[in-house]
Amino acid sequence: MQSYTIGQAARLLGVSTDTARRWADAGRVETHRDEGGRRLIDGRDLAAFSIEVGQNGGGGEEEVSYTSARNAFPGIVTAVKLGDVAAQVEIQAGPHRLVSLLTREAVEELGLEVGMQATARVKSTSVHIDRV
């Protein structure tokens, strides 16, 4: 399972590193330390927490910039539902919840699973998922 540093989690949640650190200090999201002493958040825990933050109106005190690709939403995969042929992938990108319907084969090729970082790209009525 992928783990995220406080800084990576902050970017995915659309908040400052200080805000993410305060949330961790307050016990809002569970952390553990790696061999180097860095605090890490398990991907599944971050996925669940990102949903909570998104449902409560964000939580970011600053605007999130997505560079010149304004239709790219980096975030964390919060749900993957596989059917026989089709699949549904949900990404929480800061306060934004994006849902993409794609083929099961695409999900398997990308290796998408809850807790991993991914980018949703929106064009017209299509949402495409890029694995980071």
Side-chain angles (χ1 to χ4, degrees):
M1 171 52 54
Q2 185 168 353
S3 292
Y4 297 89
T5 65
I6 296 288
Q8 291 170 324
R11 280 190 299 282
L12 293 170
L13 294 168
V15 299
S16 70
T17 303
D18 287 337
T19 296
R21 193 173 291 116
R22 281 193 298 273
W23 286 345
D25 290 344
R28 290 189 60 192
V29 63
E30 187 176 330
T31 64
H32 62 278
R33 295 204 182 262
D34 67 5
E35 311 80 45
R38 295 181 311 164
R39 286 198 299 181
L40 300 175
I41 302 170
D42 178 76
R44 289 191 183 276
D45 292 338
L46 183 58
F49 184 65
S50 71
I51 292 170
E52 176 189 327
V53 170
Q55 289 174 341
N56 292 328
E61 63 274 326
E62 68 249 8
E63 274 300 304
V64 177
S65 173
Y66 293 106
T67 70
S68 63
R70 289 185 267 177
N71 60 341
F73 296 88
I76 187 167
V77 176
T78 58
V80 176
K81 298 173 186 161
L82 297 174
D84 291 337
V85 176
Q88 178 178 312
V89 176
E90 295 182 24
I91 291 180
Q92 191 73 37
H96 309 289
R97 176 181 167 263
L98 297 111
V99 179
S100 179
L101 300 176
L102 56 164
T103 65
R104 179 185 182 117
E105 181 181 11
V107 171
E108 291 171 346
E109 284 178 5
L110 290 170
L112 295 174
E113 60 183 41
V114 172
M116 75 182 332
Q117 187 175 351
T119 300
R121 296 193 187 278
V122 179
K123 180 174 177 169
S124 187
T125 59
S126 299
V127 177
H128 303 268
I129 306 294
D130 296 341
R131 182 174 174 188
V132 178

If every non-hydrogen atom of [X] is compared with every non-hydrogen atom of [Y], which pair is closest and at what distance?
X   : Y   : result
A20 : A10 : CB-CB, 3.8 Å
S50 : A47 : OG-O, 2.7 Å
E30 : D45 : CB-OD2, 4.2 Å
Q92 : G54 : NE2-CA, 3.4 Å

List the residues meeting side-chain hydrogen bond (donor to acceptor under 3.5 Å, both in side chains) with E108, not counting sequence neighbours, and say none if there are none.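 E108 satisfies side-chain hydrogen bond (donor to acceptor under 3.5 Å, both in side chains) with R104 only.
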
Inter-residue atom distance [X].[atom1] - [Y].[atom2], 0.5 Å rounding:
X   : Y    : atom1 : atom2 : answer
I76 : Q2   : CD1   : CD    : 7.5 Å
L40 : T5   : CG    : OG1   : 7.0 Å
S3  : Q8   : OG    : CD    : 9.5 Å
L98 : I129 : CG    : CD1   : 7.5 Å
R22 : T17  : CZ    : OG1   : 10.5 Å
D42 : H32  : CG    : NE2   : 6.5 Å

For Y4, the ring pair (Phe, Tyr, Trp, His ring centres under 6.0 Å) test, sequence neighbours excluded, returns none

Heavy atoms from other residues, nucleotides or ligands near CD of Q88 exceed 12 (cutoff 6.0 Å):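 Correct, the count exceeds 12.
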
Who passes salt bridge (Lys or Arg N to Asp or Glu O under 4.0 Å) against [X], sequence neighbours left out?
X   : answer
D25 : R39
R44 : none
R28 : E52

So if you build clusters from Ile, Leu, Val, Met, Phe, Trp, Tyr with side-chain heavy-atom gaps below 4.5 Å, do [X] and [Y] land together?
X    : Y    : value
V114 : L112 : no
F73  : L102 : yes
I51  : L13  : no
V89  : L82  : yes

Using only atom types and a distance under 3.5 Å, with no angle test, would you say the side chain of E35 pairs donor to acceptor with the backbone of G37?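 No; judged by distance alone, with no hydrogens or angles, the pair does not exist.
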
Picking from L46, I91, I41, what satisfies side-chain contact (heavy atoms from CB on, under 4.5 Å) with L12?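 Result: among L46, I91, I41, L46 is the only option passing the side-chain contact (heavy atoms from CB on, under 4.5 Å) with L12.
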
Under the salt bridge (Lys or Arg N to Asp or Glu O under 4.0 Å) definition, can you give me all pairs with a residue in residues 87-98, not counting sequence neighbours?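 Found K81-E90, E90-R97.
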
